[in-house]
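Atoms within each ligand, like the ligands themselves, are counted from 1 in listed order. Each residue takes its place number in the sequence, starting with 1.
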Amino acid sequence: MGTAIAHGGQGPEEVIRMAERQLWSGRFAEGPSEMTLSFTSSLAVDARLAWYDVAGSLAHARMLAATGIVPKEAAEALIDGLKQLLDDLEAGKIELSDELEDVHTNIEHLLIERVGEAGKRVHTARSRNDQVATDLRMFVRDAVLEIITLLIDVQEVLIERAEEELGTIMPGFTHMQHAQPVSLGFHLMAHVFRLQRDAERFLDAYKRLNQCPLGAGALAGTGHPVDRALTAALLGFDRPTDNAMDTVSDRDFALEFVYACAQTMVHLSSMGEELVLWTSPEFRFAEMPDAFATGSSIMPQKKNPDVAELVRGRSSIAIGNLVQMLTMMKGLPLSYNRDMQEDKPGVFSSYETLTSCLYVLAPMYRSLAFDRERMEEVCTEGFLNATDLADHLVQKGMPFRQAHEVVGAAVQYCLRTGKRLESLSAEELKGLSDLLDEGSLAHISMEACLNRRTSKGGTAPSAVREQVACARAIIDSHRSVCQGEIGRLESVWKELRK
Ligand code: ARG
């Protein structure tokens with residue numbers, strides 16, 4: 001009776017059946033309680049690793065066959081069974097059982113069900129600890145390649161829009177105050193370069209994560225004559241990892257990924273915020289296309305930039321995941337600890353958060369309607385050309401600090417009299433400094449201010465054209481690395497399934 005209660009009211013026979021379904025039942029006189037089973041289960045989360053788990057098992061089985069660790073006939077049965085499992089998974093014919101604690105247990109059970117005794121040999125020279133690290137690395141590897149592809153889509157739209165707006169003058173801001181005139185194209189290119197560093201971060205993380213954990217075993221390696229280089233090659237990894245204990249306890253690769261996601265989301269969030277501002281009635285720099293806006297259930301007039309707001313809002317999820325995973329890993333003793341099962345929700349959630357935003361941003365930027373006239377109109381406020389007037393005095397020989405004082409006084413004068421620097425009369429200019437005259441006005445038109453900033457990285461159209469060319473070259477190289485890698489992995493999978 002006691003047993004039945006401990007196992008959620010099941011009879012002794014049922015308890016034995018359940019216990020045997022665990023991969024580790026031998027050591028236990030009784031099976032785990034229902035409560036323990038459901039508390040420790042990770043299937044709801046790690047089921048999405050099923051394909052990688054089978055592919056990893058297939059590579060492992062091929063290595064077991066090649067090294068003779070598993071007899072030929074059994075190894076062939078394993079390989080056939082796993083290939084069949086991959087086909088069935090892709091065809092949606094596989095159902096995983098939530099009575100089994102994780103995806104690895106499920107796959108092993110399915111294999112044994114299908115190929116019988118031979119299936120019981122698949123876990124030779126392997127542990128779930130190296131297995132799960134391998135599965136997750138393969139997931140992150142694909143995620144990185146998908147994310148870079150999506151980042152490139154957003155960058156390309158931004159560059160296209162930037163090229164159309166090289167001569168569109170708008171206020172550049174610092175502290176959210178008018179600072180100096182810039183072109184809209186230049187402003188959009190700033191986002192392109194942010195995203196370019198994000199893509200580089202993902203590619204850089206990729207180099208470190210593309211090493212194969214299989215063969216590390218539980219923590220100490222294995223006495224079986226495994227060929228780790230073969231397993232690594234079969235799964236398209238650059239090479240096997242170096243230290244087994246490090247391998248089963250390392251989640252740096254997942255953390256780097258989640259960090260790169262968070263950093264990218266911080267950039268996207270800033271873009272979302274900008275769109276919220278720009279489409280507001282106070283700014284009116286842009287009109288959100290209807291397709292990317294929503295209305296209000298009570299206020300009939302409303303058109304809200306919810307998509308942009310959600311991009312901004314979802315950055316919190318990516319940041320939260322990073323903090324969660326850093327906190328989970330902090331202070332864990334070597335080597336594998338079950339805490340690490342909690343690595344997957346953050347990885348999956350960051351991946352989904354980021355990709356959902358990247359998907360929506362490309363078409364949204366493509367159809368955003370900029371209001372060039374409005375941008376130009378607001379350039380008349382805020383003395384955007386003050387620095388240029390000071391620079392003009394410097395060219396005439398005045399030390400910059402003194403020129404700064406003179407123009408500061410000019411701004412004060414304009415504020416008092418309701419004027420703009422570019423509308424001061426020759427007399428007023430003379431009154432401010434002997435070095436100023438009517439000719440100075442041509443020097444401080446918004447166009448002149450913009451066109452003069454030809455320094456590398458500056459806002460002048462010629463400088464922005466260079467930035468466009470540079471960004472395109474980098475994007476091309478990212479695209480070719482990424483597509484090369486996607487193609488390489490495709491042939492890896494084809495080869496593995498032969
Ligand atoms: N579900 C586990 C995880 O995600 C798999 C590894 C379990 N290993 C173990 N020794 N209990 O980390």
- Examine Arg141 relative to Phe237 and say whether NZ or CZ is less than 6.0 Å from the centre of the six-membered ring and inside a 45° cone about the ring axis.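 The answer is yes; both the distance and angle limits are met.
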- Would you say Lys344 contacts ligand 1, with heavy atoms under 4.0 Å as the rule?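 The answer is yes, since Lys344 has a heavy atom less than 4.0 Å from ligand 1.
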Could you check [atom] against the protein and tell me its nearest heavy-atom contact, residue, atom and distance included?
atom                   : answer
atom 1 (N) of ligand 1 : Gln341 OE1, 2.8 Å
atom 7 (C) of ligand 1 : Tyr336 OH, 3.4 Å
atom 8 (N) of ligand 1 : Asn129 OD1, 3.0 Å

- Geometric class of the Phe173/Phe285 ring pair [parallel <30°, tilted 30-60°, perpendicular >60°]: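 Rings of Phe285 and Phe173: tilted, 30 to 60°.
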- Look at the aromatic rings of His191 and Tyr365 and report parallel, tilted or perpendicular, splitting at 30° and 60°.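 The arrangement is tilted - the two ring planes meet at 30° to 60°.
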- Message: If you compare all heavy atoms of Pro305 against all heavy atoms of Met288, which two are closest, and at what distance to 0.1 Å?
- Response: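 Heavy atoms of Pro305 and Met288 come nearest at CB-CE, 4.2 Å.
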- Query: For ligand 1, is there an N or O atom under 3.5 Å from any N or O atom of Ser42?
  - Reply: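 Yes - when backbone and side-chain N and O of Ser42 are compared with those of ligand 1, one distance drops under 3.5 Å.
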- For ligand 1, is there an N or O atom under 3.5 Å from any N or O atom of Arg251?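 Among all N and O atoms of Arg251, none is under 3.5 Å from an N or O of ligand 1.
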- Between Asp339 and Arg251, does at least one N-O distance fall below 4.0 Å, as a salt bridge requires?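 Salt bridge flag = no for Arg251 with Asp339.
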